[in-house]
2 protein chains.
Amino acid sequence: MQALSEIVHLSPSACHRRIQRLEKAGVIRDYVALTNARRLGRSTTVFVEISLSGQADELLDRFEKEVALIPDVLECHLMTGRYDYLLKVVAKDTEDFARIHRQSLARLPGVAQLQSSFALKTVFKTTAIPVD
Amino acid sequence: MQALSEIVHLSPSACHRRIQRLEKAGVIRDYVALTNARRLGRSTTVFVEISLSGQADELLDRFEKEVALIPDVLECHLMTGRYDYLLKVVAKDTEDFARIHRQSLARLPGVAQLQSSFALKTVFKTTAIPVD
DNA sequence: TAGTTAAACGCAATATTTTTGCGTTATACG
DNA sequence: CGTATAACGCAAAAATATTGCGTTTAACTA
């Protein structure tokens with residue numbers, strides 16, 4: 001609050017009340033510590049395109065419920081276009097990804113095709129969503 | 001520290017020292033507030049595959065430097081395979097993305113091709129990297 | 001334009017939390 | 001088995017967040 005108050009030229013108490021309002025309004029979802037993936041031994045980022053065997057509502061629900069249980073999967077998006085889901089996965093290395101691929105991803109319900117693309121390097125990454 | 005200490009069954013001071021160690025070691029990069037993209041008016045997530053006109057080092061550097069300046073781009077990965085870079089972009093809506101596409105992405109140095117894939121829905125999203 | 005109302009502000013007191021010093025305990029290594 | 005190093009908990013001190021309250025600002029109405 002003090003650091004923030006100096007940045008925005010407001011008193012700490014005013015900042016505090018504004019922040020509380022944002023929390024109550026659900027604009028601020030959570031407070032977290034961002035970690036260095038490499039130093040945690042997760043140097044490999046892979047984007048996985050997944051096609052399902054069908055589009056039945058029940059199938060999508062089952063898939064979404066199951067994929068959420070895999071801790072290696074950081075993001076899951078339902079997509080338009082060539083495939084159904086895009087996953088962002090973090091692995092220790094390529095061999096570790098092979099394990100994730102076989103033991104977790106390929107076994108997800110309804111999966112017809114998996115297309116994996118490896119990141120050679122993450123140029124940058126932020127959680128800061130523009131406000132304007 | 002107090003909340004954490006209860007979770008891990010340690011005293012607050014012990015937690016504090018461990019956290020400090022993680023900070024110094026660079027395992028913890030930063031502390032941030034995670035925001036609700038929808039409530040900030042950024043409901044649209046788009047993944048953009050970019051192919052450059054060449055692979056010269058100098059071209060890649062220029063591209064990476066420029067793309068980092070676009071606040072709508074939250075992530076940029078150098079990729080193997082069919083294209084060179086994968087971007088994660090957040091837009092207000094599809095029309096807003098059209099603007100970003102024309103005014104920012106298409107004008108990046110060295111861009112040969114842009115292939116955009118829209119997320120219909122973000123099933124889930126986390127910053128929690130597995131520690132095992 | 002002046003009056004009224006609601007929202008936001010700063011200050012200062014209070015409450016809570018973090019941070020540090022220190023003696024003790026546990027763990028690892030020779 | 002002894003010694004050395006690292007980690008622990010407790011309690012005091014320092015820093016920070018939180019709340020109450022009176023004042024100011026801004027917006028809306030007559």
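All of these numbers come straight from a predicted model, not from anything done at the bench.
- For B/Arg18, the side-chain atoms get nearest to D/dC8 when compared with the rest of D/dC8, C/dA8, D/dT19.
- Taking only side-chain atoms of B/Leu10, from C-beta outward, the nucleotide of D/dG9, D/dT19, D/dA7 with the closest atom is D/dG9.
- A close approach under 4.0 Å does not occur between any side-chain nitrogen or oxygen of B/His16 and OP1 or OP2 of C/dT18.
- Between B/Ala3 and A/Cys15, it is A/Cys15 whose nearest contact on DNA chain C lies nearer the 5' terminus.
- Partner of A/Val67 under the side chain to side chain contact (heavy atoms under 4.5 Å, CB included) criterion, out of A/Pro109, A/Ser104, A/Cys76: A/Cys76 alone.
- Applying the ring-ring contact (aromatic ring centres under 6.0 Å, His included) rule to A/His16 yields no partners; only residues at least two apart in sequence or on another chain are considered.
- Relative to the side chain of B/Met1, the nucleotides D/dT19, C/dT19, D/dG9 differ in distance, and C/dT19 lies closest.
- With hydrogens and angles ignored, a donor-acceptor pair closer than 3.5 Å exists between the side chain of A/Ser13 and the base of C/dC11.
- Across D/dT19, C/dT20, C/dC9, the shortest atom-to-atom separation from the side chain of A/Ala14 is found for C/dC9.
- Close to C/dT18, at under 4.0 Å from its OP1 or OP2, lies no side-chain N or O of B/Gln20.
- Between atom CG of residue A/Leu22 and atom CG of residue B/Asn36 there is a gap of 11.5 Å, rounded to the nearest 0.5 Å.
- The distance from atom OH of A/Tyr31 to atom P of C/dT18 is 14 Å, rounded to the nearest whole Å.
- Spacing between atom NE2 of B/His9 and atom P of D/dG9 amounts to 12 Å, rounded to whole angstrom units.
- B/Gln2 comes within 4.0 angstrom of a nucleotide base, judged by non-hydrogen atoms across all strands.
- B/Glu75 and B/Lys125 are not joined by a salt bridge, as no carboxylate oxygen comes within less than 4.0 angstrom of a charged side-chain nitrogen.
- For the OP1/OP2 pair of D/dA17 and a distance below 4.0 Å, the side-chain nitrogens and oxygens of A/Arg17 include no atom meeting the criterion.
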